[in-house]
Structure formats: structure tokens, C-alpha cells
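Order of the sequence lines sets the chain letters (A, B, ...), proteins ahead of strands, with each chain counted from 1. In this text, all values refer to a predicted model and were calculated from it rather than measured experimentally.
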Amino acid sequence: MIEAQNITKRFGEFKALNNVSLSVKSGELLALLGPSGSGKTTLLRIIAGLEFPDRGAGRVLFNGEDVTYNPAASRQVGFAFQHYALFRHMTVFENVAFGLRVRPAATRPLETEIRRRVIELLSLVQLDNMDKRFPTQLSGGQRQRVALARALAVQPKVLLLDEPFGALDAKVRKELRRWLRQLHKEIHITSIFVTHDQDEALEVASRVVVMNKGAIEQIGTPEEVYDRPANPFVYNFLGSVNLFHGRVHGGQVHLGNTSLPAPEHPEAQDAPAMIYVRPHEIHVANQSNGQQSLPALIRDVNPAGPLVHIELERLDDGAKFAVELTREQSRNVQLTPGSQVFVELKNLRVFSEDYSI
Amino acid sequence: MKGRNNELVFYCAPFFVQPNPYEIISINTQKPLTYCRFAVILFPLMRIAREHSPLPGFRLTLGYSVFYLSLIVLIPLGAAFLKTAGMTWGAFVEAVASPRVMASYRLTFGASLIAAVINSVFGLVVAWVLVRYRFPFKRVIDAFVDLPFALPTAVAGIALAAIYSKNGWIGHYLEMVGIKAAFSRLGVVIALTFIGLPFVVRTVQPVLEALEPELEEAAASLGANRWQTFRRVLLPPLYPSLLTGFALAFARALGEYGSVVFISGNMPMRTEITPLLIITKLEQYDYNGATAIAVVMLVFSFALLLGINLLQKWSLKEWSA
């Protein structure tokens, strides 16, 4: 169990973390997700001991033990860097063995034991027979796996990964993502990884922590944060989303001439509202469906790929929004650019406008 | 005039190759050109140049390099050899191996080596501080490093002598603990350290800048202490540049004259450096003796630098393998 309690960290005037608390359960794979400057890497580095919180502003606990100001070397954490930080003058083998070789003589394993452990780890990260290579002779994906093996060699209490796939190209990235998830299933080590890529966080993590401006916006399983975002920021950050401006009054939201139920705001009295709808949760039809449908003009249709992407414009105020239909759905409607259609918003989230991002 | 020419041919004789295995035919006259043995080196290079290259200009730049090196370096140095070759063997040995000269070699090479080692250690520290930390007046201190390059060495020598002498600012404290800094061999080392400082700093600095701080963080998170991190992670990549800086500082110290003569006291057999001995001989119109010593220094320096270069090449290969 790794806990960070009430952590504040300033870099000069800039407040990187503002009273952040987080607890990581043993064996889970947690993602810290947020845009750059949200403080996610700083939090990770504070847990690793590569950075310290402001004096008296927060504590870091490893299994209940206060390690806030302990140096990194004494914490037994495995850290993987975005740019791998492999030791270029050492072979893959020596890189992985490093953490074992620098141990004090009393706890250092025998040479044969080191060899056995390194070979075992290299096989775990699927780099058998690569032990004699130098890091420059490996691809990016292989280098990151060496870095992971090196971090795992010290049998860390927690594995910390800072944008582990950030420097890789899209295809390798996806492969490694799946591989990491698989690896975590095998070895069950408590892991925290930082990413700004929402797909990565949602696909790999068992829990996602969404961060923004030095604070945590929401913590939840991937389903929770995606389907029930706590606030407009999370809504915006996770996946593409359409924003409509309307008014909310007594449990009903008014959007142009349509009104839709907004049961989460029963007391609202004609307050300005922001309505969030994901592009794939909008139904498009050629005929009006009465009260609930909104007239719109088709601006553009892009049918390439598994989804048909449509750009629409509201007839009443000219606001643009996007819709994604499956190919199946798109067959039931006439999608000619310039023609008028009716859209129905399903699964919308209404936030009253006084909430500021 | 004719006699002089003959002389030249005579001295150049060891360089001629008859017959030349890589005989070069003149394009214009179709006659074999007999050049010095350098042709053996040049010929393969020229063959490379004849093939079409995506980087044109090889012949022009190589030609210029050879011309320039000859004019500035090889011909003057060659002249020293020529001059020396006019001596009888006995006179040569007497000039270069007398006890006073031998003592000066020991001092010159020994003090230069010590100074270069000191500079390697402290140059690395200075480079480290300048690269890794931010502090007030960093730029000013960075600029200070180059001062030994710019300052007339005589000025440095006089200043150092004044400060380290018996009643100087630092010297009188050293005197209290029984150390005689100026007008001793220690003084020579101090002067040579001063003039050699920038070399190591300036060669190590860019390499250190290119080393990501993440390497240190990775080592720390793997449990390495500071010394292990330095020894196993930072030093190996710095080694080639450190060696280059060492070689430059060493070479510079070997030839240093201006600053040393003011601080060493110039006592024969004790604090007399070889360059000073050469000047002394010149002042006594013993040109042969002076060049003979110069030739010996030249050969030794060249051998040492070549050795260091090879070591550096080897270590570079080790690092980037």
C-alpha cells in the first residue's frame, strides 16, 4: 500500500501539486492521467524519492512507514523513464544486473545468482539472447523492456513508469501496452504509470486518476471515469465530446426548442448549463422525433474507417458538433452534405455553468 | 645555393623510397613522381577521392590541410631535425643526456604529468559544477575558466610567484606548515596546473551536458549510492573526453615556459625546466645543443601524445560499442 497524503509542491511560483492525496492498493495498476503541467509526473517522482514535497507539506507512506524524505536509493522502487535512461556503455545484461551489483557486499547475491536472475528477467520481458547487446543496438520498444527488467531486478515494492511508451511509435506503443497489462497480470506488482494518453490509461490501468492543474479531478475504474465523468474537465479530457450551451430549469434542460430531462438538477432555476454528449451517443434521423430532436445541417461526412464521422451545425444558433455513426447505423439515414437532419442526444451530462474548469 | 640543396637532399634521404611501391605517375608529364614516403599514406586517400563522393571537396580540403600543416608545423619541426642531424653522435649525446639536462626532463615531464592529473580531477569537478548546478555568477565563473588561455603566461608566473612566495598571501601560510611553494618544484607544478586548467573543463563540459540527469536518477532508484553512480554510470562515458583534456593539458604543460621561469627559481638540477634550458643554450649561441634538446622533447612528447590518443580511441570504442 502506497500512500501520498496532502502533498504540495512548488517550483518557484508554480504550484505543481496542491494538497494532493492518493492511496494505491497493493497489486493494482494505477494510471495517473492528465495534460502536461497537471502535476502527474511530479507526484510520481515524489513517490519515487526523486523529488521531495515542500517542507511539512505532505507525507509519503510505504506500507505505513513514513518515507517522505528518504532518498530514492533506500526506497526500493523501480522507475522506468520515458527515454529509458539505459546505461549506454553497459550491455543489456549489465544494465539489468546493475541494481544487484551495487548492493553492499552483505546483501549482494552471488555472481551465479545474479546471472540466473538477469536471464530470468530478460526472458520475462521477452528479450532472451539479447544479453550481450548494447542499448544502441536495440529498438525503442526493446530498450523500454530492458529498462523495465532493470527496474524489476531490485524486486521493488512499487514499479513507477513515467510516460513509458511516450517515445515510441503508435504501433509499438499499442503492442507494449497490451504486453504491460499481461506482465502485470503475471507478476502482480503494485504499479503506477503516468500518461497523457487517455486510450493508454483506459486500456491498461485497473484504476485511473485524472489530474489537472496540480489536483486530482477524479479517481475511478476506466469504466467509471469514461461513462460517469465527475466534471466537465474529465469529460473533455477523456475522449472526444460535444459541448452544447443551454439552460436548465427544474429538472429539464432547454436546448433551442427542445427540452430534455436533467434529473440531476431538480432545483435549478433557469440557470445557464453546459451539456456534454459524446459523438457516438447522438442519434441521427431524417425525420423529426417530436420534442426531443434537434434540427441540424450536415456540413461534412467522412466515411473512412470503422466509423462514419459527421460534422453538423445546429440550425438555431449555428454551433458545430460532431457525430460518429457505425456503418450499420449510417445505412438507415440519408447523409448528404447540406441537407437537414434531426439529432437526438442520448446519455447527456448537464453541468450548471457556475462550475468553472 | 647548390650546396644547400644537396644538404637538403641528404637530410631528406631517409624519407625517400626507391623504388616506391605506390609510384605515382604525374598526370601531365606521365613521369613517375618521387616524393617522400608520405606518398604511401596519401596514395590510398587519393584513390578514395577519385571515386565519386556525395561529399565533394575531399581533394581540395586534404590538399589544403597538408599544405597548411607543412607550412606551420612540419617544416619548422623538420628544420629542428635537420639542424640536429648536423651534429656528431657524441656531441648529440652530450647535449641531450648530460646530468643537468636529464634532471630537467624529469622535472618537465614529471611536473607536467602531475599538473595534468590535478587538472583532470579538478577540471572534472569544475565542469560538473558548471553543468549540473545553477548558482549566482555562474556565467562569470564560466568565463574565469578561460582566463589562463588569454593571460600572458609571464603575468601569470609573476602573480603566482608573488602570491606563493615566502611572504606572499598564500605562501606565508604554507611557510608556516613548512611548505615552500614558490622557487621549488612545487612552484613548477602550481604554474603548470594554472595554465592547463581550461583544457579539461572545456573538453568534459559538452559531454557532461549531453548526459541526461535521468541516468543518475535511474542509478539512484536502483539503489546505487553517489560514489557508485559516479564510478559506474557517469565516469565511463566521460572517460574519452577526460583523456583528451588530460592530453591537451599535459602537452601544454610540457611546452610551457613563460609562467614557470618566474615561479621556479631556475636552479640547475633542481627547478630548471627543459624549455628554459633550451633558451639558455640559445643565449649562449649553442644552437645545435638547443635544437638537439628540442628534438628529444619533440620525440618524447609525440610518443606520449600518440599513446594517449590510441588509449582514447580504444576507450571511445569501448564506450560506443
Side-chain angles (χ1 to χ4, degrees), chain A residues 12 41 44-45 47-51 70-91 94-104 107-108 132-137 143 146-163 167, chain B residues 120 124 127-128 131-139 203-246 308 310-321:
Chain A
T41 295
L44 193 79
R45 290 172 60 87
I47 293 170
L50 298 173
E51 208 87 70
N70 292 11
S74 69
R75 285 196 196 191
Q76 268 195 288
V77 294
F79 202 101
F81 296 85
Q82 181 175 3
H83 299 287
Y84 329 124
L86 292 178
F87 307 133
R88 271 164 287 180
H89 59 289
M90 297 183 197
T91 58
E94 286 305 319
N95 265 284
V96 179
F98 184 85
L100 300 172
R101 291 208 195 284
V102 296
R103 285 197 188 164
T107 57
R108 192 186 311 142
K132 287 187 188 66
R133 303 254 186 118
F134 281 89
T136 45
Q137 297 167 311
R143 286 182 206 184
V146 173
L148 271 175
R150 184 179 67 174
L152 289 171
V154 295
Q155 291 171 316
K157 290 177 185 148
V158 57
L159 183 62
L160 305 170
L161 308 116
D162 185 9
E163 302 262 3
Chain B
S120 299
L124 178 61
W128 175 265
V131 170
R132 279 299 151 96
Y133 302 103
R134 286 170 60 187
F135 50 90
F137 304 111
K138 179 173 156 167
R139 298 242 164 246
T203 50
V204 171
Q205 216 173 3
V207 184
L208 204 53
E209 263 162 15
L211 278 185
E212 320 93 296
E214 278 94 52
L215 290 176
E216 282 171 68
E217 293 179 347
S221 75
L222 291 167
N225 59 36
R226 285 305 279 171
W227 169 248
Q228 287 170 322
T229 305
F230 173 74
R231 184 54 207 77
R232 288 164 177 261
V233 175
L234 296 173
L235 201 55
L238 291 178
Y239 196 56
S241 62
L242 207 54
L243 216 53
T244 306
F246 172 83
I308 295 170
L310 289 176
L311 198 64
Q312 197 220 352
K313 204 173 166 183
W314 170 78
S315 69
L316 206 64
K317 209 155 82 183
E318 194 80 334
W319 149 245
S320 58

ask   = Could you give the distance from CZ (A:R150) to OG (B:S221), rounded to the nearest 0.5 Å?
value =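 Result: 7.0 Å between the selected atoms.
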task = Look up atom CG in A:L86 and atom CD in B:E212, then write down how far apart they are to the nearest 0.5 Å.
result =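 Result: 9.5 Å between the selected atoms.
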Check each atom of [X] against the heavy atoms of chain B and say whether the ones under 4.5 Å are side chain, backbone, both or neither.
X      : answer
A:R101 : both
A:F79  : both
A:A80  : neither

task = Answer yes or no: does atom CZ of B:F137 have more than 12 heavy-atom neighbours from other residues, nucleotides or ligands under 6.0 Å?
result =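 Open.
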query = Are there more than 12 heavy atoms of other residues, nucleotides or ligands under 6.0 Å from atom CZ of B:R231?
reply =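 No.
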query = So which of B:T229, B:N225, B:L215 has the largest heavy-atom pair count under 4.5 angstrom toward chain A?
reply =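 Greatest number of close heavy-atom pairs with chain A: B:L215.
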key: Residue selection (most heavy-atom pairs with chain B, distance under 4.5 Å) from A:G99, A:P135, A:A72   =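 Of the options given, most contacts go to A:A72.
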request  = With the side chain counted from C-beta on, respond yes when A:F98 and B:R232 share a heavy-atom pair under 4.5 Å apart, and no when they do not.
outcome  =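 Result yes, sub-4.5 Å side-chain heavy-atom pair found.
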request  = Would you check if A:H89 and B:L235 make a side-chain contact, meaning some heavy-atom pair closer than 4.5 Å?
outcome  =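 Side chain of A:H89 against side chain of B:L235, heavy atoms only: no contact under 4.5 Å found.
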key: A:V102 to B:L222 - nearest heavy-atom pair and separation   =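 Heavy-atom minimum between the residues: CG2-O, 3.9 Å.
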